[in-house]
Amino acid sequence: MKLAAARCFVGVAALTLVVSSPASAGDNYALVVTGASGGDAYAKKYDGWRRSFVSTLREKFAFPEDHVVVLAEREESGVLAATREQVQRVLVDLRSRLVKDDLLVVLLIGHGTSAEGGDGEDAKFNLVGPDLTATEWSNLLKPLAARLVFVDTTPVSFPFLRKLAGPGRIVMTATDSSAQQFETVFGEWFVKAFTDPAADADKNGRVSMLEAFTYASAGVRRWYDERNQLPTERPLLDDDGDGVGREAQNPGADGAAARNAYLQPVGEPPEVARRALTARQTALEAEIEALKAKRTSMATDAYQAELERLLLELARISAELRSKT
């Protein structure tokens with residue numbers, strides 16, 4: 001592509017970014033559950049993940065207190081008991097409060113097991129006392145009017161993908177098979193995604209659900225590689241409603257909705273996001289000037305391809321900055 005054509009293409013791309021429809025405005029809510037731990041070591045780990053995620057929601061993303069419901073093995077200030085009855089009460093309440101443009105994020109941390117029958121078609125999230133199966137979670141969430149992000153970080157979580165998938169829903173599981181029944185680490189990396197700048201792959205100052213999934217999946221692979229172990233978990237994401245799911249490193253039909261879903265409340269971008277975008281804009285401008293200085297030493301096609309890439313990203317960043325001012 002010639003340079004003039006590249007600039008024309010960039011101009012059209014920038015215009016498209018500016019006039020494209022924003023995500024639906026609404027309130028963001030979260031239900032964070034750590035179930036029965038099965039021991040002190042597990043309890044310490046799960047409580048750490050839960051507290052980190054809840055802190056991110058409240059302190060970084062400014063979720064109001066009544067927009068975050070927390071359930072755990074032990075009750076404490078601001079934390080309810082993670083029992084079957086409590087989950088049912090909370091979800092019935094949320095169904096009555098949330099409307100179409102709201103977003104509910106459900107994060108399950110803890111243990112999962114196969115449901116009775118052993119056919120792999122259903123699974124349970126282990127609560128304090130009687131558990132809830134994926135089918136029961138699906139029935140409780142079916143009347144929900146809001147959009148849903150459902151993340152099950154437990155072993156044997158795969159059946160939740162098929163049971164919870166549907167229009168307007170983003171579902172993630174730590175495993176891609178009911179046979180994957182060993183302890184998982186997906187939850188640790190998913191929670192870290194929202195505080196590690198490395199997870200922000202497009203450098204727009206925010207971490208989308210797709211970026212969090214991709215970051216967490218990479219963290220899982222690295223964890224097993226560093227220990228020379230075969231992975232016993234393969235995270236999946238479904239956001240097109242077919243209940244099939246995809247791995248982060250494999251292309252597929254899923255990802256479009258997750259790419260545009262954020263924990264950050266819509267319409268309230270924090271100043272840190274604008275600063276990050278401005279910094280990236282400045283860096284891109286410097287990269288373009290440095291590239292121009294090397295023009296005579298580069299092949300024409302390579303120079304034009306790299307310039308086009310930088311100009312496209314600069315156009316995207318500039319358009320997003322304009323939308324936030």
Side-chain angles (χ1 to χ4, degrees), residues 22-34 46-72 77-80 90-91 93-94 97-109 144-153 168-172 186-216 219 237 239 257-280 317 320-321 323-325:
S24 299
D27 288 339
N28 284 3
Y29 294 78
L31 169 61
V32 185
V33 188
T34 49
Y46 298 152
D47 286 349
W49 295 354
R50 185 194 74 242
R51 291 191 176 104
S52 177
F53 189 68
V54 171
S55 175
T56 297
L57 294 176
R58 288 176 173 160
E59 297 175 16
K60 183 175 182 178
F61 299 127
F63 274 51
E65 285 291 322
D66 66 347
H67 283 39
V68 181
V69 183
V70 186
L71 277 60
S77 178
V79 179
L80 303 172
V90 167
L91 289 178
D93 176 64
L94 286 171
R97 294 169 57 193
L98 274 61
V99 297
K100 178 173 66 70
D101 289 335
D102 291 336
L103 175 69
L104 173 63
V105 178
V106 178
L107 176 63
L108 304 185
I109 298 172
L144 186 75
R147 296 169 294 137
L148 176 69
V149 174
F150 192 97
V151 184
D152 186 348
T153 69
R169 293 183 168 187
I170 299 166
V171 184
M172 302 180 204
F186 177 74
E188 176 182 358
W189 295 101
F190 179 80
V191 168
K192 283 182 179 178
F194 300 100
T195 56
D196 187 349
D200 181 15
D202 61 9
K203 304 305 178 187
N204 70 346
R206 301 193 296 173
V207 175
S208 69
M209 286 298 165
L210 180 60
E211 287 173 322
F213 174 73
T214 302
Y215 173 91
L237 176 146
D239 68 356
R259 183 177 290 108
N260 294 298
Y262 297 90
L263 287 177
Q264 179 179 310
V266 176
E268 298 181 17
E271 184 59 33
V272 66
R274 287 191 288 271
R275 288 199 301 268
L277 287 170
T278 301
R280 182 57 182 157
I317 294 293
E320 187 160 358
L321 262 174
S323 72
K324 298 181 186 302
T325 58

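Keep in mind that this is a model prediction, so the values were computed, not measured.
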Quick one: pull up [atom1] in [X] and [atom2] in [Y] and give me the separation to the nearest 0.5 Å.
X: Tyr46; Y: Ile109; atom1: OH; atom2: CD1; answer: 9.5 Å
X: Phe63; Y: Leu57; atom1: CZ; atom2: CG; answer: 5.0 Å
X: Ile170; Y: Met209; atom1: CD1; atom2: CE; answer: 7.0 Å
X: Arg280; Y: Asp200; atom1: CZ; atom2: CG; answer: 10.0 Å
X: Leu103; Y: Leu148; atom1: CG; atom2: CG; answer: 8.0 Å

Close side-chain approach of [X] and [Y], heavy atoms under 4.5 Å:
X: Val171; Y: Leu237; result: no
X: Asn28; Y: His67; result: no
X: Leu71; Y: Val32; result: no
X: Leu108; Y: Phe150; result: yes

Which heavy atom in [X] sits nearest to a heavy atom in [Y], and how many Å separate them?
X: Val79; Y: Ala72; result: CG1-CB, 3.5 Å
X: Leu104; Y: Leu94; result: CD1-CD1, 4.0 Å
X: Val70; Y: Arg50; result: CG1-CD, 3.5 Å
X: Asp27; Y: Asp102; result: N-OD1, 2.8 Å

(Q) Going by the rule side chain to side chain contact (heavy atoms under 4.5 Å, CB included), which residues pair with Arg51 if we only count those two or more places apart in sequence or in a different chain? (A) Asp47, Glu76
Q: Please assess Val68 against Phe61 for the test side chain to side chain contact (heavy atoms under 4.5 Å, CB included), listing each intermediate value before the final yes or no.
A: CA-CA 11 Å; Val68 181; Phe61 299 127; over 6 Å; no
Q | Ser208/Arg259 under side-chain hydrogen bond (donor to acceptor under 3.5 Å, both in side chains): CA gap, chis, key distance, verdict | A | CA-CA 6 Å; Ser208 69; Arg259 183 177 290 108; over 6 Å; no
Q) Which of these passes side-chain contact (heavy atoms from CB on, under 4.5 Å) with Leu107: Leu31, Asp152, Thr153, Val149? A) Thr153
Q. Can Val69 and Tyr29 be said to form a side chain to side chain contact (heavy atoms under 4.5 Å, CB included), step by step?
A. CA-CA 8 Å; Val69 183; Tyr29 294 78; over 6 Å; no
Compile the donor-acceptor pairs under 3.5 Å between side chains in residues 189-196 and protein atoms, sequence neighbours left out, one pair per line.
| from | atom 1 | to | atom 2 | distance (Å) |
| --- | --- | --- | --- | --- |
| Lys192 | NZ | Glu188 | OE2 | 3.1 |
| Thr195 | OG1 | Lys192 | O | 3.2 |
| Asp196 | OD1 | Ala198 | N | 3.0 |
| Asp196 | OD2 | Tyr215 | OH | 2.6 |

(Q) Please check this pair: side chain of Ser52 against backbone of Gly48, looking for a donor-acceptor N/O pair closer than 3.5 Å. (A) no
Q) Can you name the salt bridge (Lys or Arg N to Asp or Glu O under 4.0 Å) partners of Glu65, sequence neighbours left out? A) Arg58
